[in-house]
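Written below as structure tokens is the structure these notes are about.
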Amino acid sequence: MDRIGSLLSRLDEDQRRAVTHGEGPLLVVAGAGSGKTRVLTYRIAWLLAAGRVRSHQIMAVTFTNKAAHEMRERVEALLGQPLCGGFVGTFHRFALQLLRRHPREAGLPERFSIADEDEQRKLLESVYKRLSLSTERLPVRQARSRISAAKNALQAPGAWPGIPLLADLYAAYEEALRAAGAVDFDDMLLLSVRLLEQHEDIRKALASRFSWMLVDEYQDTNAAQAQLLWLLGGRHPNLTAVGDEDQSIYRWRGADVANILDFRHTYPDASEVILGRNYRSVEPILAAAAGGIGCNRRRRAKHLTSHAGPGDLVIVFQAADEIDEARFVAEGIEQARRDGAAGIAVLYRTNAQSRPFEAELVRRAVPYRVVGGARFWERAEVKDALAYLRLLANPHDALAFRRAVGVPSRGIGAVALEHVEEAALASGLSLPAAARTLPPTLTSRARLSFQGFFALLDELVLIATQATPEKVVRELLERSGLAAQYVSSDEEDRVRRDNQDQLVAAAAEAAERGLDLSGFLDEVALLTDADARVSPDAVQLSTLHAAKGLEFDTVFLVGMDDGLLPLRREGSDADDEEEERRLAYVGMTRARRRLHLTCARQRRVNGQLLGGRPSPFLFEVPPEALDDRSSPLRRSPDAEPASSRRRAYRGRSEPRSPLPSPLSSGREGDSRSSQPGPPRPGSASAWRPGLKVRHPTFGTGVVLQVQGGGAQTRLVVYFDRFGRKTLIPALANLQPV
DNA sequence: GCTTGCGGTATTTTT
DNA sequence: TACCGCAAGC
């Protein structure tokens with residue numbers, strides 16, 4: 001009882017209410033910095049300590065492996081003992097375990113592999129070819145994400161409303177995927193749902209086993225995940241869902257805010273606790289964040305009160321360009337380091353934005369870490385080796401076979417593989433099995449190559465049965481010739497060798513934890529870069545997405561340019577804009593003590609010059625929370641006077657509706673209408689991709705690209721009726737619409 | 001049949 | 001700016 005008492009004494013009133021909730025569904029709406037993780041971990045600890053629940057009954061689900069590890073650690077620390085039985089992990093891990101346990105019932109082979117995104121694309125490409133479809137109507141990438149979205153929404157190929165092309169693609173892709181002996185990422189959830197729907201015995205067994213479910217980041221659940229929970233818990237589940245619709249940033253991956261907004265509709269007897277005290281950010285930061293997110297409409301009207309005390313204003317800075325921005329940020333970082341800030345982060349919308357900051361930090365010898373930059377598990381040399389491993393674990397893995405057989409190059413090319421493919425189709429064998437039969441259509445050279453390859457594989461299989469995983473990987477690298485590919489002393493090869501060594505180490509480490517080969521591979525497939533450990537004194541460079549759930553003393557939210565932070569591409573709609581605003585909100589609320597918001601007057605994005613207008617989100621921040629540091633000294637020569645820029649921030653926000661309520665919907669209109677008048681010919685910054693324009697001859701169109709700057713600016717415009725044209729706005733009479 | 005070089009195109013976010 | 005696909009040489 002002492003333990004319980006001391007647990008509860010560390011909580012505020014609302015937190016305590018959530019933690020000590022009894023049976024039945026509970027929704028905890030946890031605003032940023034309100035102690036969400038604390039509630040979740042304390043609740044688990046409380047349920048166990050109070051003797052209400054046994055640990056093997058608990059299923060705690062998070063979105064990242066890292067969050068899962070943390071949760072487990074924290075609960076164990078609270079309890080003072082390890083958490084046994086039960087499940088703590090991601091949705092995908094849960095689903096994969098389920099499928100591994102019941103492959104036949106899920107309609108899968110005993111051993112199946114997991115296709116990554118690359119492989120999905122390759123598979124789709126082959127499907128395109130087989131159906132003799134052109135990628136012009138639908139690029140492969142798009143098709144992939146449409147299919148992914150369908151799966152996350154639990155739609156079967158046949159159920160596709162009225163788009164035969166996609167439905168065919170989807171169906172053929174499924175066929176190819178299964179023929180390759182693989183499932184993709186989305187299948188884990190989809191097939192698990194189907195499995196539970198079709199096998200009542202399995203569903204019942206699971207449901208009674210995991211009778212206490214806790215879900216973190218509930219706002220990011222998609223239809224498949226929600227359905228999974230529903231199947232396990234039924235109408236009156238002991239389900240604790242914790243989330244915040246304001247931090248829902250995975251719509252593009254199928255996440256549906258409706259899951260959290262309509263929670264009480266799904267579970268009518270659900271209790272609801274709103275955690276409204278923010279313990280993280282000082283007042284101006286919270287005010288800035290609240291001002292922005294208040295403009296969203298799809299949310300509960302709620303507000304966070306600051307319990308972190310007063311603090312410095314939010315610093316705003318408009319740089320001349322991205323180099324200048326990086327310089328400003330680096331100076332700020334050095335200052336923060338001198339001040340002893342615990343945790344500094346630079347957050348941006350897209351990965352590509354990290355470069356200038358890296359360059360500047362390298363120059364100043366400031367240690368930093370890029371999250372999600374060069375992803376270890378996506379490196380070619382790592383994937384090559386993994387392909388071999390996959391073949392050892394699953395000899396019928398067609399995708400791994402395709403990859404492995406070609407590296408290092410053995411004289412087996414597209415043609416030879418095509419012959420094998422035909423043989424496989426004719427015989428019903430898997431691709432690797434068909435290759436083993438050495439189809440007569442192969443040239444004798446190819447035949448020899450295949451023989452050599454399979455001899456190698458057999459050797460390795462033999463080793464795998466007797467040696468440690470570490471040894472297997474090492475032998476594999478040596479005997480296959482993968483290691484020999486990178487022997488030179490240049491940096492590139494050195495890095496690749498290094499990565500291969502790291503893979504050996506990873507295998508050894510997995511073995512220590514008792515994982516076998518296929519367990520290791522599963523883990524690798526589920527692993528992401530976000531799971532890497534954080535070194536505390538290094539500055540963290542990260543996308544906004546990857547920063548969710550973290551906090552830092554000092555945060556630089558950079559690239560707040562119109563079109564970049566509300567990232568706008570063709571087809572972006574109002575819901576997308578709201579999601580972008582949530583991203584900005586997530587970024588701002590990562591900061592404990594100091595927040596900096598920066599934008600640039602011009603910016604090179606992919607070698608192209610972009611934009612020039614500050615993000616509309618900057619104008620949504622209450623001016624009294626801001627401290628504009630844009631210095632006249634830093635301005636490029638053609639910049640407007642500082643005073644007018646200052647007015648741009650302060651003045652622009654004045655005509656805002658005084659209503660603080662989310663109902664003041666004039667907002668979007670506001671940000672649009674606050675655009676400056678027609679772009680002047682020659683002012684590069686006024687033109688940006690996505691801008692709708694009218695030309696006296698070509699009619700209306702949309703700007704695709706902005707090239708060059710000043711009077712040399714050229715625009716690539718796509719006209720509705722005339723297609724793609726390159727124009728010089730200084731000469732062409734082009735008007736924004 | 002494989003490697004090399006060129007030109008065109010494209011990038012949001014990730015379990 | 002970086003990658004990929006495609007075409008021509010070996």
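So that the names make sense, note that chain A is the first sequence line, chain B the second, and so on, each numbered from 1.
For the pair A:Arg121 CZ and B:dA10 P, the computed distance is 13 Å after rounding to whole Å. Spacing between atom CE of A:Met188 and atom P of B:dT15 amounts to 12 Å, rounded to whole angstrom units. One can place CG of A:Asn152 at 15 Å from C1' of B:dT13, the figure rounded to the nearest angstrom. Regarding A:Arg349, its CZ atom lies at a distance of 9 Å from the P atom of B:dT14, rounded to whole Å. Rounded to whole Å, the distance from CD on A:Glu580 to C1' on B:dT13 is 8 Å. In this entry the distance linking CZ of A:Arg603 with P of B:dT12 reads 17 Å, nearest Å. Distance, A:Ile249 CD1 to B:dT14 C1': 10 Å, rounded to whole Å. The interatomic distance linking A:Glu217 (CD) with B:dT14 (C1') rounds to 13 Å, in whole Å.
With centres under 5.5 Å and a plane angle under 30° as the test, the ring of A:Trp252 is not stacked against the base of B:dT12.
Under the 6.0 Å distance and 45° angle rule, A:Arg447 does not count as a cation-pi partner of A:Phe450.
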Please lay out, stage by stage, how A:Asp562 and A:Ser615 fare under the test side chain to side chain donor-acceptor pair (under 3.5 Å).
CA-CA 4 Å; A:Asp562 195 14; A:Ser615 166; 5.8 Å; no
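Spacing of C1' atoms, B:dT12 relative to C:dG5, comes out at 23 Å, to the nearest Å. Between C:dC4 and B:dT13, the distance separating the two P atoms is 15 Å to the nearest Å.
The stretch residues 88-97 of chain A participates, sequence neighbours left out, in these side chain to side chain donor-acceptor pair (under 3.5 Å) pairs: A:Asn65-A:Arg93.
Salt bridge A:Arg603/A:Asp321: absent, no basic N to carboxylate O contact under 4.0 Å. With respect to the salt-bridge test (charged N to carboxylate O, under 4.0 angstrom), the residues A:Arg363 and A:Glu358 do not qualify.
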Find every protein N or O atom lying less than 3.5 Å from an N or O atom of nucleotides 2-9 of chain C, and list the pairs.
none

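Contact annotation: A:Thr543 side-chain N/O to B:dT14 OP1/OP2 distance is under 4.0 Å. Between A:Asn351 and the phosphate of B:dT11, there is no side-chain N or O to OP1/OP2 separation shorter than 4.0 Å.
No donor-acceptor pair under 3.5 Å is formed between the side chain of A:Asp397 and the backbone N or O of A:Ser113.
Place A:Leu583 and A:His419 on DNA chain B by their nearest nucleotides, and A:His419 ends up nearer the 5' end.
Take A:Gln142 and apply the side-chain contact (heavy atoms from CB on, under 4.5 Å) test, not counting sequence neighbours, and it matches A:Leu138, A:Pro139.
Within the nucleic acid shown, A:Arg141 comes within 4.0 Å of sugar-phosphate atoms alone, with no base atom in reach, counting heavy atoms only. Among the atoms of the strands shown, only primed sugar atoms or phosphate atoms (P, OP1, OP2) are found under 4.0 Å from some heavy atom of A:Phe63.
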